[in-house]
Amino acid sequence: MKASKKEINSSGGDKVSATLKSVFELALDSQGTERTAQMLEQLAQELRSAPRPAGGVTTSYINTIPVAEQPEYPGDRVIERRLKSIMRWNAMAMVVKANSTTNVGGHIASFASSATLYEVAQNHFFRGATENFPGDMVYFQGHAAPGMYARAYMEGRLDEKDLQNFRQELAEGGGLSSYPHPYLMPEFWQFPTVSMGLGPIMSLYQARFNRYLQARGLTNWKSEPKVWAFLGDGESDEPESLGAITLAARENLDNIIWVVNCNLQRLDGPVRGNGKIIQELEGLFTGAGWNVIKVIWGSDWDDIIKRDKSGLLLKRMEECVDGDYQKYVVEPGSYTRKHFFGKYPELLELVTHLSDEQISKLLRGGHDVRKMYAAYQAAMDCKGQPTVILAKTVKGYGLGEAGEGKNISHQQKKMNEKELREFRRRFDIPISDDVIADTPFFRPAPDSVETKYLLARRQKLGGFVPARIVKPVTLDVPKLDYFAEFLKAGKTEISTTTAFGGLFRNLLRHKGISKNLVPIIPDEARTFGLDVLFREIGIYSPKGQLYEPVDRKTLSYYYEAKDGQILEEGISEAGAMSSFLAAGTSYATHGVPMIPFYIYYSMFGPQRVGDQFWLAGDIRAKGFLLGATSGRTSLNGEGLQHQDGHSLLHTSTIPTCLPYDPAFGFELAVIIADGMRRMFVEQEDIFYYLALYNDNYAMPPMPAGVEDGIVKGLYKFKAGYDGAKIKAHIFGSGSIMQSALKAQMILAEKYGVSADVWSATSYKLLRTDAIRCQRWNMLHPTQPAKKSYVENLLAKESGAFVAVSDNIRTVPDQIAPWVPGGLFTLGTDGFGRSDTRARLRRFFGVDVESTVIGTLYALAERKLIDRKVVAQAIKDFGVDPELVQPQIV
Ligand SMILES: Cc1ncc(C[n+]2csc(CCOP(=O)(O)OP(=O)(O)O)c2C)c(N)n1
Ligand SMILES: [Mg+2]
C-alpha cells in the first residue's frame, strides 16, 4: 500500500491521486471517520504552511472541469461558428472602416479574443427580459463593444448605417457610441463599463441589490436573474475589480457569474509576463470563497493531456510563464514544438502526429465552445457561491500578422489588403476579391439558416441582450405640504444634517414611497445622528442577525434583519456608490423605481470615487447623494484630509447632477420634494447632490414665494433695511449663510450699509441656465437677447455683490459674469486645518467680520464708500492683513 516518495515523484498526476485515494480509504477503514478527519486536518495544516506560489490556493494549470464531466454541446456548432465568424468580420470591418477616413479609434483585438465567450452565452445562457423577468444583467467588457454591435446588426437591431457610423455619433443620422453608454444609447446599453474596474464592482453590488429587492418583497420574478460580468485580465489589476469580491461569497451571491477574459495581455504588454494571471486570480478568488472554474485548454488538448503518463506535460504547462504562452501565439508551430514540448523529449512524442500548422492551432479553452459551455453550465448550477470563470484566450485571435498575440494588438485599428484576405480565409467569409479592400459589412439573408438560427436562439432565451427597456412607473411622491413641519421655524438650533435626518424619517412614514426608499450609509450613521434608523427600519443582512447585539437593551440597537431597509456598507465608498448606482437605476433594470439616499462623509465623495459619480450620469441614475460634514470650516477639528470645500465644484461638472448647498431645513424640503417629482413623476434621468453641514443654528420659517428661487439656485432671503444710501448684496449658502446674516446686521448698524442677503442654493444651476442663454444669443445675434434667470433676478439691483461660501471661491465664481458689475467672493481655498470653527473661519476669511470687510471692500472698489472705512474695519476687527493662505500655488 505504502507508496515511496521516489515512486510518487516519478509517477503521473493520475497515479498520485489514485494512491492518495487508496490511502484515504485505508484510513477510513482502519481508523474510522473521526480520526481520519483529524489526520486530514493535520495534513491540511501542513499544506497550508508549505511554500507555494503567491496568491493563495491554486490547483494545477489545467481545466477545472474534467473531460468526463463535460456536457454534450447542445447547439449546432457549424452554424454557430459561421455566425461568430461573420460577427468577427463585421466587428473588425466597423473599426477598420471608421479609421480609414477618420482617426476615431476603436478596438479589434479584445472582441477577437472574447467572441466565443459571448457567443456561447448569447446562444445558450443570457436570458432576455420577459413578463415577470427583468432579464439577465450583463456587464460587457467595454472594448468588446464592436462585437456586440456586430451581433445586433445580424439580429436586425442595427443597420449598415449604424455600423458605418461607429464612433461618429454626431454624423448625420447618428452613430454608435464607442463603448457601452446608457446615456448615449439608452435603449441598448444598460451598464457603462469602460472605465476599468467599475463594471466588476458594480456587478457585485447589482447582484446584491437584486437579493435586497427580493428580500424586501419588491419583486415578482418567475426566476432570479443572473448578473454576468465580463472583464479583462488586465482590468483585474484595478483595486475596484477585486476589492469587493469577498462580499459576494459572504452573502452567497450565486446569482453572479464573472468571466475573466484571460488573453494574458493588456494595453502595453503582458498582464503577468513573468507569472500566470490565471493562477494568481484563482488563488485570490478561491481564498475569497468563490467557485473558480479555469478554462485553459481547448478540446484538442484533451487527448494530448490524456496520453501524458509522465506528468511532464503538466510540469511543462506549469513552469511556462504567460510571457512564454504569448510567444507561442506569435511564433510558428515549429517554435512551440521545439520550445514547449521539446524541453522534455518525452513530450515531443505526444505531438508527433501533429503538423506544425496543427500545433499552432491547438485551441485555448476560451476559444472552444464545448469548454465554455461546460463552464457556464457549471456556473449556472453552482449553489451558494459566486462563480468566476477564468478563460484563457488569445488577444487579437484570428488577426494573424495584423496583431494576433502581439504587444501592439490592443491598439490595432487598421488592416492591409493582405491581412484582410487572410482574415477572410481563416473565417470563411463570403466576400469577393474586388470589394474586400472596402471591408464591406456582411449579413446573411433574413431567411438564411444562420439568421433563423440566431433569432430562434434569442427568442428561446426571451429576447435580445443587451437591451435597456424602461417602462415608466410614476411614484406617489409627497408634495411640499407633506413637509409642513420643516417649513416652520425650528424649536431648537440644529444642523442641516439633523434637519435631513428628521425629514428622511418623515419620508419613511409616507405610504406612497416609504418602501422605495433605500438609505445607504458607509459606516457613518452615528456621525450623522442616523443610528436611530437601525432599529426603526433594520439593516439589510441576508443572514438576519445570528447574535445578540451588545447594545440590545438600548432603544436604537444595531439591528440586522433579512428584510432590513438600510444598506450599511461598511467602510467602502466605492461599494456604497455601487449600491447607489444599482438602486438609482432600478427603475430601468427592474421596472421598480427606488429612491436611494446615500449619505456619507462629504470629503470621501467625488474626491474619492469621482469616476463613479460621473458614471451615475452615464448610467442615468436617479437619487440623492448627501455629502454630510461638508464645508471646510463647518467641519472643525478634523483637519486637512476631512474638510471638504470642493465637492460642490466636482459635482457641478457632471451634466445630469444638480448640486445644491442648502442653508436651511425648509430649503432641503423644497429641493427634495422637487427632486422626487422631477425624477419619479416627470421621469427625468437626473440626480441630486446636497451638501449637508453639522453646524447648529436656528432654522427659520420659509419666507413666502421662495420655492421657485430655491429650486433655480438663488433667491432673496432677507432684504436689508429701507432707505439706506449704500446698497450691497451678500450671497450666502450652507452654514456659512450665518456669516452673511450676521454681517448684514453689522453693516447696517455700524456702516449704514443696507445689505440684502440672498441664499444661493445652486451656483451650478444658475450658471448652466446663463451659459445656455449666452450661447443662444451668440448664435442669434440679430434677435432680441434672452436673459437668464440670474440676470433677470439681479437686473434691478444696485450696489456691490459679494459671495461668501464654505467652499473654494470657484464655486460662487461660476456666476460672476452675470452679476451686475461682477462678484467679489470669499471662500475657503487651501488645505483644511484642525481648530475651532471661529478660528478656522477667521483663518480662511469667511467669518462674520471677514464678510463685513469683504462687503466694504467691494463697495470701496465701486467707489461707494471710502477705502479708509475698509482699513479702519480691518483694524477694528483685528484681522491680520498679512495673513495669506500658505502653499496655494
Ligand atoms: C480606469 C481605466 N484606465 C485605463 C483605461 C485604458 N485602457 C483601455 S483598455 C486597456 C487594457 C485592457 O486590458 P484588459 O483588461 O486585459 O482587456 P483586453 O482588451 O485584453 O481583453 C486600458 C489600459 C481604461 N479604459 N480605464
Ligand atoms: Mg487582457
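All ligand and atom numbering here is 1-based and tracks the order in the structure. Remember, it's a predicted structure, so these values are computed and weren't measured experimentally. Just so you know, residue 1 is the first one in the sequence shown, and it goes up from there.
- Among residues two or more places apart in sequence or in another chain, the side chain to side chain donor-acceptor pair (under 3.5 Å) test is passed with Thr387 by Asn291.
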(message) With salt bridge (Lys or Arg N to Asp or Glu O under 4.0 Å) as the criterion, how do Arg151 and Glu155 come out once you've worked through the C-alpha distance, each side chain's angles and the decisive distance to 0.1 Å?
(response) CA-CA 6 Å; Arg151 167 167 259 274; Glu155 290 167 340; 2.8 Å; yes
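- Here Glu404 pairs with Arg426 in a salt bridge; the nearest charged N to carboxylate O distance falls below 4.0 Å.
- The backbone N or O of Thr393 sits nowhere less than 3.5 Å from a side-chain atom of Asn263 that would complete a donor-acceptor pair.
- Under a 4.0 Å N-O distance rule, the pair Lys371/Asp302 qualifies as a salt bridge.
- A search for ring-ring contact (aromatic ring centres under 6.0 Å, His included) contacts involving Phe427 returns Phe423, not counting sequence neighbours.
- No salt bridge links Glu422 with Lys418; every basic N to acidic carboxylate O contact stays at or beyond 4.0 Å.
- Around the Mg ion (ligand 2), protein N, O or S atoms at less than 2.8 Å comprise Asp233 OD1, Asn263 OD1, Gln265 O.
- A donor atom on one side chain and an acceptor atom on the other are found under 3.5 Å apart for Asn210 and Gln206.
- For CD of Glu401, the number of neighbouring non-hydrogen atoms (other residues, nucleotides, ligands) closer than 6.0 Å is 12 at most.
- Closer than 4.0 angstrom to ligand 1 lie heavy atoms from Ser110, Gln141, His143, Val194, Ser195, Met196, Gly232, Asp233, Gly234, Glu235, Glu238, Asn261, Asn263, Gln265, Arg266, Leu267, Lys395, His410.
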